[in-house]
Each structure stands twice: as structure tokens, then as C-alpha cells.
Amino acid sequence: MIKRTEQARILVVDDEPVMRTITQSVLAQHEFAVSVAESAERALELIDAGELPDLVLLDVLMPGMNGFEMCSLLRHQMRFLHLPIIMLTALDDQASIDQAYRCGATDFITKPLNIPLLPHRVRYLLRSAQAFKELIASQETLINTQHIAQLGNWEVDLNGRITAASRQYLDIIGAAGLPINETRLFERVHPEDRAVLSRDRAEMRSGRSYRLDYRLRSLNDDNAWFHVHEMGYPKLGEHGQVVGGSGFTQDITQRVAQEERIRKLAWHDSVTGLNNRSRLIELLERDLDGAGGPERMVALYIHVGSLRSISSTSGQEVADEAMKVLADRLKSALESPGTCCGKQICSSHGGTKLARYDEHSFVVVLPDGQDQEGLRCIADSISRIMLQPMALNGEEFLVKVSIGIAYFPEDAGDMLELLRRAMLVATRASDACEDATITFFDPQHDHEATQRLLIERCLRGALEQGDQLLPYFQPKVSALTGEIVGAEVLLRWPHPEMGMVPPVDFIPVAEETGLIHPLSEWLFRTVCRQLAEWRRDGRQIGCVSINLSADSFFERGLVQFIGEVLEQTGAPASQLIIELTESALMRDADVASRVIDALRELGVQVSLDDFGTGFSSLGYLNRFAIDEIKIDRSFIAELETDRMERALVQSVIDLGHALGLKVVAEGVETIGQAKLLRRMGCDIFQGYLFARPMPAADFAAFECSPAVEAS
Ligand code: G
Ligand code: G
Ligand code: MN
């Protein structure tokens with residue numbers, strides 16, 4: 001056992017300083033000896049220097065080596081074979097949970113962390129690791145080991161008949177004795193798995209080994225199904241000929257059940273026990289696809305307001321407790337059929353769905369068409385039960401409720417859209433003073449919303465097709481030589497019906513709907529492929545800048561993604577510039593600064609776009625390790641007429657140079673401006689004077705007109 005006198009050593013690996021501090025202090029309060037590392041690399045250094053942990057809490061997404069890689073690395077060392085490793089993953093990300101287990105993680109905890117639970121989870125895992133260690137140490141014979149591992153071995157002849165087997169194997173399959181004919185065994189194999197096993201066994205007898213998971217029913221119990229993992233090898237005779245096969249079979253039923261449980265956990269909100277967002281969407285989509293499913297649905301997005309202030313005055317636990325109480329109220333309201341305006345509120349027979357949608361909201365989805373009046377009644381009664389005071393922690397709490405309602409298919413083309421429509425109206429109305437608001441999504445009265453809806457749908461389609469959006473290139477020209485030093489990529493979207501949709505119309509929609517992520521990814525891939533192609537063709541086109549939205553910039557995994565795209569396409573990192581705006585940087589200066597550092601580590605350059613339009617001052621420029629600033633075109637426009645503007649631009653140029661940055665002037669339209677800017681020391685020009693944004697092929701063939709060069 002872990003001795004009381006000896007503290008268990010926990011190593012916390014997380015790139016977020018706040019997370020490190022919180023976990024460290026919570027665990028330290030529970031008498032663990034905690035050390036922290038801000039990256040996987042640092043953690044490995046600590047371990048190499050002799051700090052051997054008893055347990056590792058490992059974040060998945062970190063700049064540099066990620067948690068999965070570090071976990072695999074540790075697992076490959078004998079001494080860490082049984083070290084408990086807990087991975088911290090995003091809540092609804094099934095793929096990363098699967099991957100965590102594949103890399104050998106012992107357990108996972110979803111983010112955001114349930115802090116009070118953490119020490120218990122850690123203690124539990126330490127205890128079972130210790131028990132496991134002791135078990136292994138105490139079992140010495142092969143038989144016992146086989147027993148623990150629920151692993152048995154066997155041999156077959158060329159007819160597939162099992163002629164020899166360990167006791168454990170016979171126990172696993174429920175056989176009384178030997179030999180066992182192949183048909184006898186195969187009868188018990190799950191019909192869906194039979195063909196694969198049969199093929200693998202035949203291949204084994206012709207000289208190839210195999211590994212397979214399959215389902216099997218005990219030979220002596222029709223109701224006992226279990227899962228096995230099996231490895232089979234050809235057995236060779238004296239002259240190298242195949243004389244049969246041998247292998248191991250392991251009962252993995254428990255592990256499969258465990259995985260199932262984990263899957264379930266990942267589908268549920270741990271606070272309220274309700275389905276979470278991913279689960280809700282999956283259920284809805286399944287309903288929609290299935291035969292006999294509802295043709296219409298209506299979603300009620302229930303935003304709980306002022307919970308934030310509860311949590312800031314009384315802590316996260318009280319906020320959680322409040323959501324739990326509200327969830328219970330909602331559940332019982334939806335389960336016990338009541339009436340409203342003389343109508344049945346909710347059918348107790350299935351179809352109605354309730355989920356925790358995000359931190360501050362629930363979603364109720366009702367099948368088929370309730371009329372508006374009926375729905376308003378339902379929403380009314382829901383808000384009434386939610387508005388009732390709650391007694392938590394000896395205090396009374398109240399919340400505000402804002403309900404948004406949207407219909408499928410009238411208001412939205414798919415489930416995600418439906419939920420977002422409902423959310424949109426609910427959150428818009430949540431600023432109102434009333435305690436409760438109920439708002440229907442109404443595209444007719446909301447022209448802007450209709451327009452956005454249209455753009456959103458088309459954009460989704462355009463991204464799927466992948467050839468409607470076009471990156472245009474606007475040349476950047478050296479102020480000194482007039483040579484082309486690169487280009488800025490500006491998206492163009494010629495839509496077959498809507499005509500040319502300008503970026504100012506679709507970028508904000510993409511940002512609001514999250515489509516910006518696939519959009520940015522698509523753009524990076526496309527541009528990097530283009531760069532690689534130009535390089536193969538021996539074209540010198542300089543550096544290409546891509547505008548990056550703040551949302552994409554702060555998306556976890558951005559740096560890794562860009563690194564991968566560069567590697568896959570073969571585009572040189574040194575030819576890629578990322579343009580950020582001041583407001584993006586100021587959203588979270590610390591994180592921004594770290595992402596910028598990581599990008600530059602990749603070899604990518606970073607440029608500060610629209611400089612001067614943000615609320616930030618020149619003084620903070622040196623906080624970020626950037627390569628370039630682009631003076632906003634509004635300053636350039638007034639340059640020739642406005643002395644103040646000129647002085648300002650001059651000081652930006654001087655400061656930029658003092659910090660070792662390249663300075664770009666945007667929106668250069670006249671020769672006069674170009675001359676002035678050159679005299680002021682500006683390095684690079686971009687603007688209609690030289691060229692408008694143009695398709696890739698035109699840019700590759702573009703040469704500056706001599707008149708302009710000579711300006
Ligand atoms: O040419 P112009 O009208 O293209 O661009 C208008 C605005 O749209 C500019 O502020 C530009 O930064 C932005 N924009 C153009 N292309 C992109 C893009 O690919 N991504 C992002 N995030 N913004 C872009
Ligand atoms: O990313 P940014 O906001 O800097 O985008 C540059 C914007 O400026 C794009 O909309 C681009 O089409 C536009 N633009 C580029 N050159 C000129 C120019 O000389 N004059 C004007 N008015 N706009 C320009
Ligand atoms: Mn730009």
C-alpha cells in the first residue's frame with residue numbers, strides 16, 4: 001500500500017498556467033506531492049532528472065509534443081508500464097478518448113475539470129495501480145498469470161481442430177475437454193464475426209499470423225456472450241512446412257464493457273446527468289434518419305441567466321447545484337404529463353428530449369407540430385417552474401430564463417442549425433430586463449437573419465464542394481525596388497445565384513456559426529498546396545499572407561494543424577505569413593503571445609493587420625514577437641492632405657523599425673502616396689495602385705508596370 005508517511009508524487013503536465021495552479025493547489029491540499037510542467041518536453045526532462053511520479057495528469061493539447069505522444073513514450077518504457085496516466089480531454093470528443101486509451105492512458109478526465117472530484121479520482125487510481133503491482137508481484141507461475149490476464153493458449157491441427165490448450169483457454173470458451181472440432185467452435189462465434197475468423201484461421205494454416213477481436217458464446221452456456229482478443233501463428237514442422245497453428249486468446253469482455261461505460265460517460269453531463277450536446281445532436285439526427293421518425297420538430301433553447309453571478313458570489317459548486325435543481329425540475333415537468341390551455345403539455349411516450357446544451361443552457365426538443373399558442377403555453381410553464389426560488393447552501397437563489405423557439409424544417413435545414421436558431425433568439429432576448437422571455441425565431445421579420453441563414457447554408461455547401469471559394473492574391477511590392485515581394489490572400493466567393501459575396505458578408509457568418517474553422521483549414525490547405533506548386537515550378541513569388549480570424553487563432557491545435565499542413569503539402573514555412581488583428585491579440589494577450597511564439601517556432605511569420613484601428617496603443621507592440629505591421633488603409637488615404645496623419649504614420653514606421661519589424665502600407669492608391677511613404681521609410685506597399693486582388697494564375701504571371709515601379 002501507499003504508506004501514509006510517504007506522499008504520492010503527482011506530475012501535472014498542462015500548458016495552461018491557470019490549470020496548473022489550480023490542480024497543484026487542490027492536490028497539495030490533499031497531501032500529494034505535486035510537481036508541474038508546462039509542456040511534455042519539460043515533463044520528460046523532469047522524469048529524466050530522476051523525478052519519478054506515482055501518477056501523471058496529462059493534458060492532451062499542448063504546443064510541442066502533445067499528451068498522446070508523451071503517453072505512448074512513457075508506456076514504451078518498462079518502468080512506466082503500469083504508471084497511472086490520466087489524460088485531460090475535451091468533454092464531448094469521443095475520438096480523443098479513444099485515442100487516449102490506444103496510447104495507453106489509464107483513465108481520462110474531461111475538461112472542464114470537476115475540481116472537487118479530482119483528489120478522489122487520483123487517490124482511487126493510485127490505489128488500484130498499487131493493487132495491480134502487488135498482484136503481479138505475487139503471481140509467479142504462468143498459469144496464474146494467464147488467469148489474471150484471462151489469457152489462454154491453444155494449438156490447432158491442419159483441420160482447424162483444437163488439439164491442445166491450457167486450462168485457462170478451456171475455461172474461457174467453456175469447453176469440458178479436448179479435442180474440439182472447428183465447426184463446434186465456429187457455431188458459437190457471433191454470426192457477424194464468423195467469416196473473418198474463418199478467413200484468418202485459414203490464412204494461419206497457409207503461413208500467416210493474425211490478430212482479431214471477436215464475439216463468442218460459451219460452449220456450455222447459451223446466454224454467456226463474451227469478447228475475446230486472439231492472436232494466431234502458423235506452426236512450422238521440421239522442414240519449414242506448416243503443420244498447424246497456435247495462439248493466445250484473451251477474454252476482454254470487461255474491457256469492452258468498460259469502454260462502453262466510458263462512451264456513455266462521454267455522452268452525459270456529469271453535473272445534471274442529462275444528455276449533453278453531442279448526444280442530443282446524435283439522437284436527433286438518428287431520429288431524423290430513421291424510418292417513421294418525426295417529420296417536424298420544435299426546439300426550445302432555455303438560457304439560464306444570472307447564474308454567472310451566483311457562481312461568482314458562491315462558487316462553481318453552487319452554480320452546478322443550481323443547474324442540477326433546474327434540470328430535475330425540467331425532467332419532472334416533462335415526464336409528468338400536465339395540461340396547458342386545455343392541451344396535453346408533453347406526451348410521456350418518448351420523442352421529447354431534454355439535454356444540457358452548454359454551461360448556461362438546456363434544450364428541449366419536442367416531436368411534431370405544436371401550434372404557436374400551445375408552445376407558448378409550454379414555454380410559459382417551463383419558465384414558471386424555473387423561476388421558482390431555489391434554496392442552496394442555506395441561501396435563496398433566483399435565475400432569469402430566456403427561451404428561444406425554432407421549428408424544423410421551417411426555420412432550419414438540419415439539427416445543428418435548428419439548435420443554433422433557437423439559441424440565437426434566446427441569447428438575443430436574454431439581455432432584456434424581464435425575468436423571463438419567450439421568443440420565436442422568425443425569419444420573415446428578421447431580414448438579416450434570413451440573409452445570414454442563406455449565406456450559412458450556401459457556405460456550408462461551398463465548403464463541402466470545395467471549389468466555389470477562391471483565394472485571390474493581392475501583390476505586395478517592395479518600396480525600394482518595386483519588385484513583388486509576395487501577396488495577401490483575400491477570399492472571393494462568386495456564388496452562382498447570389499453573385500460575388502464579399503468577405504465582409506460571409507466571414508462574420510462563418511465566425512458566428514463555427515464554419516470559420518473548416519473555412520480556415522480549407523484555405524490553409526489550398527494556399528499551401530499552391531505555394532508548393534509554385535516552388536516546384538521554380539517561381540519566385542515571395543511570402544504569402546493569410547488572414548486569420550480571432551476564433552481560428554485561438555482554436556486549440558492551430559499550430560499543430562499548420563505544422564501538419566506545411567509538412568503534408570511541402571510548402572516552405574518561411575513563405576507563410578499569418579495576419580492577425582489587434583483585437584484578436586487583445587482578446588487574450590498571454591495566450592496570443594504563446595501561440596505567436598509557437599507559430600514562429602514553426603518558421604511561419606506573423607503580421608499585425610489593420611494597425612492603428614484597434615484600441616491598443618503602440619506601447620504594447622513589443623509584447624508580441626511579430627515580424628510585420630500593416631498600417632491600415634484609412635491612414636494612407638489621408639496621407640497627402642492631413643499633416644497629423646502623416647506624423648502618426650511616421651511614428652508607426654519609426655517604432656516598427658526600432659522593433660525590427662517590416663512595415664507595410666495598405667491601400668496605396670496614388671503615386672503621391674507611394675512617394676511619400678517611400679520617403680518616410682515604409683518597406684512594402686499594397687494597394688490598387690499596383691494591383692487589385694487577382695486569381696492565383698494571374699498573380700503568378702503578374703509583373704509590376706514600369707510606370708508604377710518608377711514612381
Ligand atoms: O478584399 P476585401 O474586401 O477582400 O476583404 C475584406 C475583409 O475580409 C478584410 O478585412 C480581410 O481581412 C477579410 N478577409 C478576406 N479574406 C479573408 C480570409 O480568408 N479570412 C479572414 N479571416 N478574413 C478575410
Ligand atoms: O485584411 P484587410 O482588412 O487589410 O483587407 C484588405 C482590404 O483592403 C481588402 O478588402 C482589399 O480588397 C482592400 N484593398 C486593397 N487595396 C486597396 C486599395 O488600394 N484601396 C482600397 N480602397 N481598398 C483596398
Ligand atoms: Mn489583411
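Atom set for the values below is all heavy atoms of this structure, side chains included, hydrogens, waters and symmetry mates excluded. Whatever order the structure lists ligands and atoms in, that order sets their numbers, starting from 1.
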| Minimum heavy-atom distance Gly656-Ile629, with the two atoms named | CA-CD1, 4.1 Å
| task | Verify salt bridge (Lys or Arg N to Asp or Glu O under 4.0 Å) between Glu628 and Lys476, making sure each step is shown before the conclusion. | result | CA-CA 13 Å; Glu628 178 188 275; Lys476 285 162 80 179; 3.2 Å; yes
| Close side-chain approach of Val604 to Ile578, heavy-atom, < 4.5 Å | yes
| request: Run down the list Asn547, Thr670, Leu490 and name the one with the heavy atom closest to atom 11 (C) of ligand 2. | output: Leu490
| field | Lys/Arg-Asp/Glu bridge criterion (N-O < 4.0 Å) met for Glu417, Arg457 | value | yes
| query | Which of the atoms in ligand 1, numbered in the order shown and given with their element, are less than 4.0 Å from a heavy-atom of Ser549? | reply | 22 (N)
| query | Any idea which protein heavy atom is nearest atom 16 (N) of ligand 1, and the distance to it? | reply | Leu491 N, 3.1 Å
| query | Nearest to the Mn ion (ligand 3), which N, O or S atom of Asp609 do we find? | reply | OD2
| request: Would you mind telling me if ligand 1 is within reach of the side chain of Leu523, the backbone, both or neither, using heavy atoms under 4.0 Å? | output: side chain
| field | Close-contact set for ligand 2 against Gln474 heavy atoms, below 4.0 Å | value | 15 (C), 16 (N)
| query | Do any heavy atoms of Glu488 fall under 4.0 Å from ligand 2? | reply | yes
| field | Residue Val668 vicinity, atoms of ligand 2 by number, heavy atom under 4.0 Å | value | 19 (O)
| query | Can a salt bridge be assigned to the pair Lys630 and Glu488 using a cut-off of 4.0 Å between side-chain N and carboxylate O? | reply | yes
| remark: One finds that the ligand 2 atoms under 4.0 Å from a non-hydrogen atom of Gly687 are 16 (N), 19 (O)
| Who's the nearest protein heavy-atom neighbour of atom 1 (O) of ligand 1, and how far? | Arg492 NH2, 2.8 Å
| query | Taking the N/O/S atoms of Glu579 one by one, which is nearest to the Mn ion (ligand 3)? | reply | OE1
| task | For the Mn ion (ligand 3), decide whether Asn547 has an N, O or S atom at a distance under 2.8 Å. | result | yes
| task | Before accepting this row, confirm whether a basic side-chain N of the pair Glu456/Arg421 lies closer than 4.0 Å to the acidic partner's carboxylate O. | result | yes
| query | If hydrogens are left out, which of Pro502, Ala584, Pro503 has an atom nearest to atom 5 (O) of ligand 1, that is, the closest non-hydrogen atom? | reply | Pro503
| Any idea which part of Asp610 is under 4.0 Å from ligand 2, heavy-atom wise: side chain, backbone, both or neither? | side chain
| request: Could you tell me whether Trp534 and Phe699 have their ring centroids closer than 6.0 angstrom? | output: yes
| Proximity to ligand 2 by part of Leu689, non-hydrogen separation under 4.0 Å | neither
| query | What is the closest protein heavy atom to atom 17 (C) of ligand 2, and at what distance does it sit? | reply | Tyr688 CE2, 3.2 Å
| field | Whether His303 and Tyr301 hold their rings parallel, tilted or perpendicular, with breakpoints at 30° and 60° | value | parallel
| request: Measure up the Phe524 and Phe561 rings against each other and bin them: parallel (under 30°), tilted (30 to 60°), perpendicular (over 60°). | output: perpendicular
| Name of whichever N/O/S atom of Glu488 is nearest to the Mn ion (ligand 3) | OE2
| For Glu669, the ligand 2 atoms whose distance to one of its heavy atoms is below 4.0 Å | 18 (C), 19 (O), 20 (N), 21 (C), 22 (N)
| Candidate with minimal heavy-atom separation from atom 7 (C) of ligand 2, of Arg633, Gln686, Glu666 | Arg633
| said: Between Glu533 and Arg536, does any side-chain N to carboxylate O distance fall below 4.0 Å? | reply: no
| message | Whether the Ser607 and Glu579 side chains hold a donor-acceptor pair (N or O, under 3.5 Å, no angle test) is what I'd like checked. | response | no
| task | Could you tell me if the ring centre of Phe685 sits under 6.0 Å from that of Phe690? | result | yes
| request: Please check atom 21 (C) of ligand 1 for a protein heavy-atom neighbour under 4.0 Å. | output: yes
